[in-house]
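Here is the structure we will look at.
What's counted below: heavy atoms across the whole structure, side chains too, no hydrogens, waters or symmetry copies. Residue numbering restarts at 1 for every chain, and letters A, B, ... go by the order of the sequence lines.
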Protein chains: 2
Amino acid sequence: MTRDHDPLADTELTFLLGLGFQLVLAEFVRRVAEAGHSDLRPVHGLAFQVLRGPGATSSELADRLGVTKQAAGQLVDDLERRGYVRRQSHPDGGRRRLVVLTERATDHLAVAGRVLHGLEAEIAAAIGAGDLANLRTELTRLVRHLAGDSLPPLRPLW
Amino acid sequence: MTRDHDPLADTELTFLLGLGFQLVLAEFVRRVAEAGHSDLRPVHGLAFQVLRGPGATSSELADRLGVTKQAAGQLVDDLERRGYVRRQSHPDGGRRRLVVLTERATDHLAVAGRVLHGLEAEIAAAIGAGDLANLRTELTRLVRHLAGDSLPPLRPLW
DNA sequence: CCTCCTGAGTCAAGTTGCTTTACTTGCCGA
DNA sequence: TCGGCAAGTAAAGCAACTTGACTCAGGAGG
């Protein structure tokens with residue numbers, strides 16, 4: 001089962017991180033698609049998390065996603081056309097428009113959350129709950145070391 | 001320094017992995033650019049690793065990078081124009097062309113290697129050498145659990 | 001020999017998801 | 001009331017791919 005000396009152990013940390021992320025994310029996408037949400041990609045889930053609750057403006061969304069407001073606007077256009085969000089008038093007025101989730105989107109968030117937790121539970125079973133906890137701790141320290149207090153947005157590109 | 005309860009500890013493993021990877025890679029790119037190679041992105045380094053030594057055909061490269069042979073061909077065109085690779089006649093004949101690295105490319109590989117190791121040493125100092133070793137071990141197990149024996153190519157997209 | 005097929009490589013066009021540039025439009029403060 | 005900021009929109013451009021269609025070298029089989 002376990003190798004004496006896995007050749008992977010010699011590869012770069014960066015490569016290992018990238019591969020781990022890519023594999024976990026691919027499995028996540030696969031399961032979410034299997035649960036009937038094959039029309040949404042991870043970036044949509046990130047957007048939904050920003051918009052959940054009271055909602056947000058396109059510009060706020062742009063800022064949180066680390067893209068231009070035009071790109072965020074296009075994303076909202078697409079999600080609105082497909083019934084995942086609505087644009088409401090914003091209480092603060094101006095040209096502001098409040099983008100809020102529809103039930104369709106909160107459904108997706110619920111499914112994605114269940115899939116993430118299920119996946120993590122499986123990983124815990126596979127590599128050991130203690131090891132997974134350590135992995136999280138070490139990753140957290142790594143991220144804090146490189147990013148400090150303010151976390152940058154997670155972007156779907158290198 | 002260390003928090004009693006870092007809010008990051010509650011975020012999804014997937015998010016943590018993605019952020020860790022993105023931060024390490026960004027720092028890598030920053031340092032490689034600082035060392036004078038700002039015209040090459042990580043994907044070029046991956047290509048160089050495939051082509052190092054005896055070289056490879058475009059189709060092999062495509063396979064290893066997980067892209068179409070057209071995309072690999074375009075990448076080779078670009079790298080050839082900029083003096084990083086040469087196309088030679090292939091010993092096995094046919095329409096095959098052997099793509100090999102120039103010294104310019106091996107120089108880049110050397111720089112990238114030094115940067116990676118320097119970065120990893122810094123991380124070891126910051127989070128502890130033992131914790132880094134554990135992180136590597138756990139990541140290796142995670143990757144093996146999800147990928148089995150054959151590792152998929154690392155792709156610059158979600 | 002000839003023919004057919006396979007696999008490497010190339011050419012051209014289309015797609016996606018952004019960016020840059022430029023503009024419109026509410027509101028607020030001097 | 002005028003100037004300017006900030007949100008939003010519109011249009012065009014661009015990078016890095018893809019799909020589809022082709023060319024061409026070298027066997028394998030007849």
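By the 4.5 Å heavy-atom criterion applied to side chains, B:Phe48 and B:Leu79 are counted as neighbours. Side-chain atoms of A:His44 and A:Leu75, non-hydrogen and from C-beta on, do get closer than 4.5 Å to each other. Contact of the A:Arg86 side chain with the A:Thr102 side chain is registered, since non-hydrogen atoms from C-beta on lie closer than 4.5 Å.
In this entry the distance linking CH2 of A:Trp158 with P of C:dG17 reads 19 Å, nearest Å. With rounding to whole Å, B:Arg155 atom CZ is found 13 Å from C:dT16 atom C1'. Here D:dC14 presents its P atom at 18 Å from CG of A:Leu157, a figure rounded to the nearest Å. Spacing between atom CD of A:Glu80 and atom C1' of D:dT9 amounts to 13 Å, rounded to whole angstrom units. Following rounding to the nearest Å, B:Glu60 (CD) and C:dA8 (P) show an atom-to-atom distance of 9 Å. If you measure from atom CD of A:Gln88 to atom P of D:dA7, you get 18 Å, rounded to the nearest angstrom. Remark: P of D:dG8 and CG of A:Asp92 are 11 Å apart, rounded to the nearest angstrom. The interatomic distance linking B:Asp63 (CG) with C:dG9 (C1') rounds to 15 Å, in whole Å.
Contact between the side-chain N/O atoms of A:Arg41 and the OP1/OP2 oxygens of C:dG17 is found at a separation under 4.0 Å. At D:dA25, none of the side-chain N or O atoms of B:Arg97 fall inside 4.0 Å of OP1 or OP2 (strictly under the cut-off). Taking side-chain N and O atoms only, B:Ser59 has no distance below 4.0 Å to OP1 or OP2 of C:dG7.
Along DNA chain C, the nucleotide closest to A:Arg95 and the one closest to B:Val99 are compared, and the more 5′ of them pairs with B:Val99. Comparing B:Val43 and A:Leu98 by the nucleotide of DNA chain D whose heavy atom lies nearest to each, the residue mapping closer to the 5' end is A:Leu98.
The existence of a salt bridge linking A:Glu120 and A:Arg136 is confirmed by a sub-4.0 Å separation between a basic side-chain nitrogen and an acidic carboxylate oxygen. Look at B:Glu27 and B:Arg30 and you find a salt bridge, because one of the NZ, NE, NH1 or NH2 atoms lies within 4.0 Å of a carboxylate O, short of that distance. Ion pairing between a basic and an acidic side chain is recognised when a charged N comes within 4.0 Å of a carboxylate O; B:Asp107 and B:Arg104 show no such pairing.
Applying a 4.0 Å cut-off to non-hydrogen atoms, the residues of residues 66-78 of chain A that approach DNA chain D are A:Lys69, A:Gln70, listed by residue number.
When ring centroids are compared, B:His108 and B:Tyr84 stay outside the 6.0 Å threshold.
End-to-end axis angle for the helix from C:dC1-D:dG30 to C:dA30-D:dT1, using five pairs per end and rounding to 10°, comes out at 10°.
For the atom pair NE2 of B:His145 and CD of A:Glu122, the computed distance is 6.0 Å after rounding to the nearest 0.5 Å.
The nearest pair of heavy atoms linking B:Ala33 to B:Ser38 is CB-CB, 3.8 Å.
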